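Shown next, in structure tokens, is the structure this report addresses.
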Amino acid sequence: MEIQWSRYQLNPRRALNSLTGPTPREGCLIRVRDGLGNFGYADLHPWPELGDTRLDEQLLQLKQGLKSSQIEQAIAMALRDADCRRQKKSFLDFGEPLKNNFLISDLGQIDDNLFTQLQNEKFSTVKLKVGRNQSLDFESVNHTAAAGFRIRLDYNGCSSPVALENFFSKLSADVLAQIEYVEDPFPYSEKAWARISDIVPLALDNEFCRVPWEQLNSSAFDVLIIKPAKLNPLKAIELCQKWKLKFAVTSYLDHPVGVIHAYDWALRLYKDYGSMALDPGCLTVNHYESNSFAAAIETSGPFILKNSGFGCGFDHLFEGLSWTS
Ligand code: MG
């Protein structure tokens with residue numbers, strides 16, 4: 001199997017989470033040629049801020065024949081892409097469109113106009129990146145609840161048990177009931193997470209690597225976030241079945257190619273494991289300044305509708321890139 005890559009840069013429109021400012025982000029598209037000579041494509045977009053190995057280091061390792069878990073995932077997705085291209089099928093042929101959550105990474109964006117627009121576009125769930133400013137978080141959660149949305153909060157591990165118990169004690173029971181889950185509230189600790197999960201459901205995302213799965217007696221969380229960019233979705237489903245967890249598939253705030261691959265997994269997992277599935281969160285391309293890949297994806301409100309071409313799409317755009325190894 002031959003592997004090549006093509007580097008890209010994405011320019012965030014605003015801060016993307018509690019750990020990162022709006023600085024340009026580096027990643028690369030991966031092209032593999034499978035045993036039958038078919039090309040397939042995927043994305044590699046490390047987040048060193050969240051503990052991923054830096055892009056340059058991963059590519060250096062790849063040159064030396066070593067594959068990080070992120071590269072393993074990218075290759076598996078590129079092979080799936082190659083297979084669909086060979087069969088002349090698009091990923092989006094594999095299921096009915098799913099409703100994605102709307103992600104608000106900068107709470108300063110929130111106002112009545114935005115919420116009216118989201119209501120008109122038929123969004124049901126809003127995910128807020130929180131943890132930078134507790135009073136702004138409080139105001140934003142109440143505002144989102146008053147607009148009638150189901151709420152997901154993501155702290156990216158940056159809050160604390162005391163701060164959160166205090167925060168949730170100030171919210172009304174009605175507002176608390178609208179919170180579908182709270183993702184990565186603070187670094188994983190079974191005891192401290194279990195206490196918070198008595199107040200609101202918790203979701204495990206980037207703290208996955210800190211959970212001692214082999215020694216677990218019961219899970220202190222209710223939901224597993226499946227990011228196909230770094231977690232093998234079928235292994236994740238096994239954990240969900242074992243620990244009776246729901247799951248939500250999300251993209252990795254990555255390139256549009258990564259977004260469509262995540263959505264492909266969402267469609268397939270929802271078909272096979274629908275009773276465990278919550279709405280996905282793959283609608284993230286608008287968090288960056290547009291590029292030709294982002295412009296190729298057709299969306300309507302919470303739905304990803306179309307991306308012409310086979311596999312993940314973007315056929316002519318891949319042909320226009322230069323590839324190195
Ligand atoms: Mg998260």
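Numbering of ligands and ligand atoms starts at 1, following listing order. None of the values given here were measured: they were computed from a predicted structure. Position 1 is the first residue of the sequence; numbering continues from there.
The atom of Glu183 nearest to the Mg ion (ligand 1) is OE2, with the search restricted to N, O or S atoms.
Using a cut-off of 2.8 Å, one finds that Asp184 contributes no N/O/S atom close to the Mg ion (ligand 1).
Between Tyr41 and Phe39, the ring planes lie tilted relative to each other; the angle falls in the 30° to 60° range.
Taking the six-membered ring wherever Trp is involved, the centroid distance between the rings of Phe318 and Phe293 falls below 6.0 Å. Ring centroid separation for the pair Tyr181 and Phe221 does not come in under the 6.0 Å cut-off.
One finds an angle of 170° at the Mg ion (ligand 1) between OD2 on Asp205 and OD2 on Asp154, to the nearest 10 degrees.
Between Trp193 and Tyr188 the shortest heavy-atom distance is NE1-CA, 3.3 Å.
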